[in-house]
Amino acid sequence: MIPTRKDGYKLLHDGCIALAEVEANGIRIDVPRLERRIQRTGEQIKELEAKLFKSNFWKEWKTKFKNRSNMNSPVQMGSMLEASGCELDKTKTGRTKTDAVSLAKLDDPFVKDFLAKKKLEKLKSTYLTGVMREVVDGFLHPVFNLHLVSTYRSSSDSPNFQNLPIRDPEVGKIIRECFIPRDKHVLVEVDYSALEVRISACYNDDPTLIEYIQDPTKDMHRDMAAECYLLDQDQVTKTSRFYAKNQFVFPQFYGSYWGLCAPNLWKAIDEGDLATVDGVPLKEHLSDNGVYELGSYNSDERPKQGTFMRHIQNVEDNFWNERFPVYQQWKKDWWEQYLETGGFDILTGFRIDGVHKRNDVINYPVQGAAFHCLLWSLIQIQKRIRKRGMKSKIVGQIHDSIIADVYLSELQDYLNLAKQTMTKDLLDHWDWIIVPLDVEVEVGEENWWNKKEWTSDNDIWSRN
DNA sequence: TACTTCGGCGCC
DNA sequence: AAAGGGCGCCGAAGTA
């Protein structure tokens with residue numbers, strides 16, 4: 001049975017109350033450590049600044065901008081770089097682009113330190129002092145909104161709990177080590193695996209996609225790495241799989257195309273030092289297989305034979321027309337139905353009307369419904385925590401994951417509860433979920449950085 | 001001075 | 001035919 005508008009209302013009503021409790025719980029902060037981090041990061045920024053001020057590039061800068069010189073001015077930076085012969089892209093308003101990706105290719109010592117300084121400034125302003133500002137009596141109480149996002153996802157602010165660094169280990173470690181469990185507790189994060197892909201299958205019903213989800217021996221990202229880089233399955237490495245996933249599969253699902261994917265996959269070869277399992281560098285391997293260069297984009301003809309552009313165009317064509325034709329047809333039908341009716345319905349009981357781009361119409365229903373799986377689970381888990389009189393508390397949520405501060409002796413209980421709710425009870429609640437759901441668990445004993453993957457035989461906590 | 005917009009960047 | 005979805009926060013730039 002498909003949820004009604006009233007069901008949708010109830011979900012947000014209950015969700016609102018549940019998240020208010022999450023906000024009230026709050027997450028414990030190691031305040032002295034956070035203060036030290038602010039101090040030390042500030043010193044590191046000063047050191048880099050001093051180094052930059054001594055450079056020749058800065059001398060020229062001062063010649064040009066005199067006492068108006070400001071190293072933090074992207075306009076001045078762009079002007080200086082162009083004066084020294086760098087070719088940089090422009091923003092939509094015509095300013096010179098000075099973002100990290102554009103600058104990284106310049107390979108200049110000043111630019112390198114400049115980017116390092118910017119990275120630390122982001123850490124210090126947004127994350128370290130941004131968190132510090134909101135701490136009350138050693139606890140942080142981020143706000144979780146259900147009324148702001150066009151897709152019916154949540155958002156978070158004051159501070160935003162949903163965008164704390166994690167991918168850059170240097171920065172991620174510094175901030176996340178400041179998030180700590182209460183005494184005799186551990187931080188537990190339970191994530192849905194590949195939730196949006198699974199929910200998309202509930203809309204498009206593509207048999208091949210469902211097969212990938214159901215069969216643990218199949219691996220879509222490995223298969224696409226093989227195609228993108230012309231490898232045999234057993235020549236795909238962890239790294240080439242990683243780039244195929246993030247530079248081809250996900251972008252394709254979000255509506256990107258070969259003209260963007262190909263340059264990114266090509267860049268990844270150098271960036272990730274990609275090679276075959278046997279150690280043959282990928283560019284060499286590609287050229288042995290008839291792909292000699294990236295090639296270029298041209299609006300009025302196909303990319304040239306023998307280019308990576310042409311190759312990825314073929315891979316994309318095959319991806320949608322041969323591998324996932326049902327998904328492809330769903331996108332077409334879904335878009336046409338939107339054009340006819342002026343809106344579309346989400347599987348969790350919501351309707352979205354108004355003017356939207358094609359990619360939005362395809363992506364919104366998936367993003368919204370995926371989050372609602374998380375929200376329903378969070379509501380249930382919290383209900384049961386209260387009913388059982390447990391000491392453990394849910395302290396945050398990040399779109400497809402739940403973070404809880406779990407009392408040590410309740411750890412096994414909590415994990416059973418979370419797993420049961422997220423992978424079993426939810427499927428009973430919504431029969432439109434036609435694929436299995438799975439979760440990954442991480443437990444942080446000291447803080448939110450050094451969390452470790454938890455498996456059922458990893459019971460060092462339940463020993464006591 | 002106070003406000004909005006822009007570019008940039010962190011996450012899913 | 002077009003061509004990467006969704007947020008919040010920061011400092012600089014722009015405007016009144």
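These numbers come from a predicted model, not from an experiment. Just so it is clear, the values below take in all heavy atoms, side chains as well, and ignore hydrogens, waters and symmetry mates. Throughout, protein chains are lettered first and strands after them, A, B, ... in sequence-line order, and every chain is numbered starting at 1.
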Phosphate OP1/OP2 of dC10(C) contacted by R133(A) side-chain N/O (<4.0 Å): yes
Value in whole Å for how far the C1' atom of dG8(B) lies from CG of N72(A): 13 Å
Per T126(A) side chain, nearest of listed nucleotides dC10(C), dA3(C), dG6(C): dC10(C)
Listed nucleotide nearest any side-chain atom of N163(A), set dG8(C), dA12(C), dG4(C): dG8(C)
Rounded interatomic separation in angstrom, taking CG from N359(A) and C1' from dA1(C): 12 Å
Candidates dA13(C), dG4(C), dG7(B) - which lies nearest the side chain of Y254(A): dG4(C)
Side-chain ion pair, E121(A) and K117(A), N-O less than 4.0 Å: yes
Given DNA chain C, 5'-ward residue of the pair S256(A) and K122(A), judged by closest heavy atom: S256(A)
dA13(C) OP1/OP2 closer than 4.0 Å to side-chain N/O of S73(A): yes
5′-ward residue of the pair P74(A)/S156(A) relative to DNA chain C: S156(A)
I180(A) versus E446(A), closest heavy-atom pair with distance: CG2-O, 3.4 Å
Sugar-phosphate only, base, or nothing, as touched by L195(A) at under 4.0 Å among non-hydrogen atoms: nothing
Proximity to the side chain of T91(A) - top-ranked nucleotide from dG6(C), dG7(B), dC12(B): dG7(B)
OP1 or OP2 of dA2(C) under 4.0 Å from side-chain N/O of K357(A): no
Interatomic distance, F248(A) CZ vs dG4(C) P [rounded to whole Å]: 14 Å
Short side-chain N/O contact to dA12(C) OP1/OP2 from R95(A), under 4.0 Å: no
Whole angstrom value for the distance that separates C1' of dC7(C) from CG of D400(A): 14 Å
Interatomic distance, K124(A) NZ vs dG10(B) P [rounded to whole Å]: 17 Å
Within 6.0 Å of CD in E336(A), more than 12 heavy atoms from elsewhere: yes
Closest to the N264(A) side chain, choosing from dG8(C), dG4(C), dG8(B): dG4(C)
Nearest-nucleotide pick for S125(A), side chain only, options being dG4(C), dG11(C), dC12(B): dG11(C)
OP1 or OP2 of dC9(C) under 4.0 Å from side-chain N/O of N160(A): no
Short side-chain N/O contact to dA12(C) OP1/OP2 from T98(A), under 4.0 Å: no
Sugar-phosphate, base or nothing in reach of I362(A), heavy atoms under 4.0 Å: nothing
Geometric class of the F350(A)/H372(A) ring pair [parallel <30°, tilted 30-60°, perpendicular >60°]: tilted
Sugar-phosphate only, base, or nothing, as touched by G255(A) at under 4.0 Å among non-hydrogen atoms: sugar-phosphate
Sugar-phosphate only, base, or nothing, as touched by S154(A) at under 4.0 Å among non-hydrogen atoms: nothing
N or O in side chain of S155(A) less than 4.0 angstrom from dG8(C) OP1/OP2: yes
Interatomic distance, F179(A) CZ vs dC11(B) C1' [rounded to whole Å]: 13 Å
Length of the CD-C1' vector between E49(A) and dG11(C), whole Å: 14 Å
Sugar-phosphate, base or nothing in reach of V75(A), heavy atoms under 4.0 Å: sugar-phosphate
K419(A)/E440(A) salt bridge by N-O under 4.0 Å criterion: no
Over 12 foreign heavy atoms within 6.0 Å of NZ, K124(A): no
Length of the CG-C1' vector between D157(A) and dG10(B), whole Å: 15 Å
Sugar-phosphate, base or nothing in reach of K92(A), heavy atoms under 4.0 Å: sugar-phosphate
Parallel, tilted or perpendicular: ring planes of W58(A) versus W61(A), cut at 30 and 60 degrees: tilted
N/O (side chain, Y364(A)) to phosphate O (OP1/OP2, dG6(C)) under 4.0 Å: yes
Selection from dG8(C), dC11(B), dA12(C) that lies nearest to any side-chain heavy atom of N70(A): dA12(C)
